[in-house]
Amino acid sequence: MRILHIGKFFPPVPGGMERYLGDLVHAQQSAGDAPAVLCHADAQAGTRDPTWLMRCPVWFSLLFAPISPAFPLWLARAIRRHEPEVLHMHLPNPSAFAALALPSARRLPWIVHWHADVETGRFPWSMRLVYPFYQLFERAMLERAEAIVVTSTAYLEASRPLQPWRQKTKVLPLGVDPDRLPEVRAEGTGGCWRGDGMRVLTIGRLTYYKGFDTLIRAAADVPGIELAIVGEGEERPRLERLLDGLGRPAHIRLLGQADDAACQRLLASCDVFCLPSRERTEAFGIVLMEAMRYGKPIVASRLAGSGITWVARENDNAVLVPPDDAPALAAALDRLRQDADLCARLGASGRQRFLAEFDIAASARRLRRLYARIDPEQDRPVAETIRRDRLLVVIPALNEAASIADVVQRVLALGDIDVLVVDDGSSDETARLAAAAGAVVRQAPLRQGAWGAMQTGIRHAMREGYSGVVTMDADGQHEPAELARLLQAAEAGADVVIGACPARGSFMRRQAWRYFRFLTGFAFEDLTSGFRFYNAKACYLLAREEATLLDYQDIGVLLLLHRAGLHVQEVPVAMNPRQFGASRIFYSWWSVARYMAETTLLCLARWNMKPRKI
């Protein structure tokens, strides 16, 4: 299979995401696949790259993110060159958002590999200001993805951004290539350490969430140990000042950046590996698996909502301590210093778990199966014909007391049709009048919006065994007598029928329809009509959790239906002028602007998607 990975950086650039991606590509190549990588260039990367690796130039960095305006052009070039069958996006990475606006990328299925949430709590105000805009594109990526990969169940449970998409999220642990971590002979580790005390090692970028300041304070209070910190980053000046304040203890060293060979010698010769991270940005801890490969006991933070506690299991291969607790961390290090048997047991258990669970080949196999079943849905049984005696008309209503009784009575007069009114938090007599007119009424405990109320009705229809649903407005615009036109088109084979009346639209609304026809490629004249028929197959799709994410009942619903390969037909109908109230969507310029922005982003997220079965 041809796979195009979109990553932030690639080895030899250091980092957990980078090491995992490098190992994964090697494993996929060994398995016979054809992976390619598009990432950002870096001064550490060198100049001799294979043809499957493309590094896009970076202009500058902003809030820890590489900014590369040319990335969309490089992505288009990578797709032309490698002709991938799937795009595998590794997030967080703002440059990956370029795929949302690139037609060649939108035509491909996407896998989003969620390595970490963007945590803004400890960032400066600028990050908290920017993140809501970043989140718009983040959500569009998640919505567009065929599947989302997260590295541990603990991280999924605690990740707020992933909650709306849990139904398409898969937990696949990371892995490490054991061939990248060769055995190191004792004679090859000379010069790594200075004294005879317990050797404590930590490796990582010197950044705030790693908690290295806590580790330094803890190590300063433990006699008989030597601490080596490998890495560079923006926190180095602060750590240097901390060491100055502690009197520059000789047993604590900042070693700076080290190459792979040096890190392997340090890992092989240390006695304990420590990862004192204080934030969920540390989502998994690739370096923990590397330490386990060399049979080292681990001291790590008991970090809620992170995969650290799954990799480093307490009393199995690790001792866990509360984050940011220097005394507890010091006590854990001192305990291991005094108990060689405990160190040996934890290290041996970690080595066994590494061999059994964390080989990168297993991670590649799991992903290969996910690529192969990127659309796991199967066809569901659907009624052969439209039985009018099992048809349900769903009417969402909000403060429609002036019109609801007349609408319900006129629908019921057609015979053999049931009516469900979903009262969406009305403050008037809507519910009472609808019930008195003969409708079944469901009152929502919280206001859902027009689409949420319609979806409530669709789910009711599925529970009760209806073979089809017609949605109508409660204000009297939709003419019940025209319902027969919708049913005729449905009986001729349409899964969904739109009752269209383009003449009802104002000049500005018609321009909006034209704009969205351009974005979506749809030929429908009346994109926003809520007068629609859905058969059982369409109802199954629209009752799912994925459809709950929509705010409006029009274009987003059509995009979902198109993606599922359903047959949607438009038929002309007559509609009545609005007699009472105002539109629930177009009631102010602000609401119009919000509708245009959200629907545009939704169109871009789903543009040119290949139909698939449900």
Check your understanding: Where do R302 and P323 come nearest, in terms of heavy atoms and distance?
Key ->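 Closest pair (atom of R302, atom of P323, distance): O-CD, 3.7 Å.
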
**Study point:** Pairing residues for Q29 by the side chain to side chain donor-acceptor pair (under 3.5 Å) criterion, not counting sequence neighbours
**Key:**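 Residues passing side chain to side chain donor-acceptor pair (under 3.5 Å) with Q29: none at all.
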
If I take atom [atom1] from residue [X] and atom [atom2] from residue [Y], how far apart are they, to the nearest 0.5 angstrom?
| X | Y | atom1 | atom2 | answer |
| --- | --- | --- | --- | --- |
| L38 | F10 | CG | CZ | 12.0 Å |
| K8 | S95 | NZ | OG | 9.0 Å |
| D33 | I3 | CG | CD1 | 4.5 Å |

Review point. Side chains of W114 and Y155: does their closest heavy-atom pair fall under 4.5 Å?
Key: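 They are in contact (side-chain heavy atoms under 4.5 Å apart), so the answer is yes.
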
Exercise for review: Start with the C-alpha gap between E290 and K296, add the side-chain angles, then the distance that decides, and say whether salt bridge (Lys or Arg N to Asp or Glu O under 4.0 Å) holds.
Suggested key: CA-CA 9 Å; E290 294 176 343; K296 304 304 176 181; over 6 Å; no

Practice item. Compute the centroid of each ring, for H40 and then for F71, and state whether the two points are separated by less than 6.0 Å. Key: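 Between H40 and F71, the centre distance is under 6.0 Å.
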
Check your understanding: In terms of side-chain heavy atoms, does H88 have a donor or acceptor partner in Q28 at a distance below 3.5 Å?
Key ->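 There is no such pair (donor and acceptor under 3.5 Å, judged by atom type) between the side chains of H88 and Q28.
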
Review point. Taking atom types as modelled and ignoring hydrogens, do the side chains of D334 and Q338 form a donor-acceptor contact shorter than 3.5 angstrom?
Key: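 Side-chain D/A pair, D334 to Q338: present.
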
Review point. What residues, two or more places apart in sequence or in another chain, satisfy side chain to side chain contact (heavy atoms under 4.5 Å, CB included) together with R139?
Key: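 For R139, the residues satisfying side chain to side chain contact (heavy atoms under 4.5 Å, CB included) (neighbours in sequence not counted) are Q135, W165.
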
Practice item. Hey, can you tell me if F358 and W310 have their rings parallel, tilted or perpendicular (30° and 60° cut-offs)? Key: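 Answer is perpendicular, since the angle exceeds 60°.
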
Check your understanding: Can you name the salt bridge (charged side-chain N to carboxylate O under 4.0 Å, His left out) partners of R313, sequence neighbours left out?
Key ->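 Result, salt bridge (charged side-chain N to carboxylate O under 4.0 Å, His left out) vs R313: none returned.
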
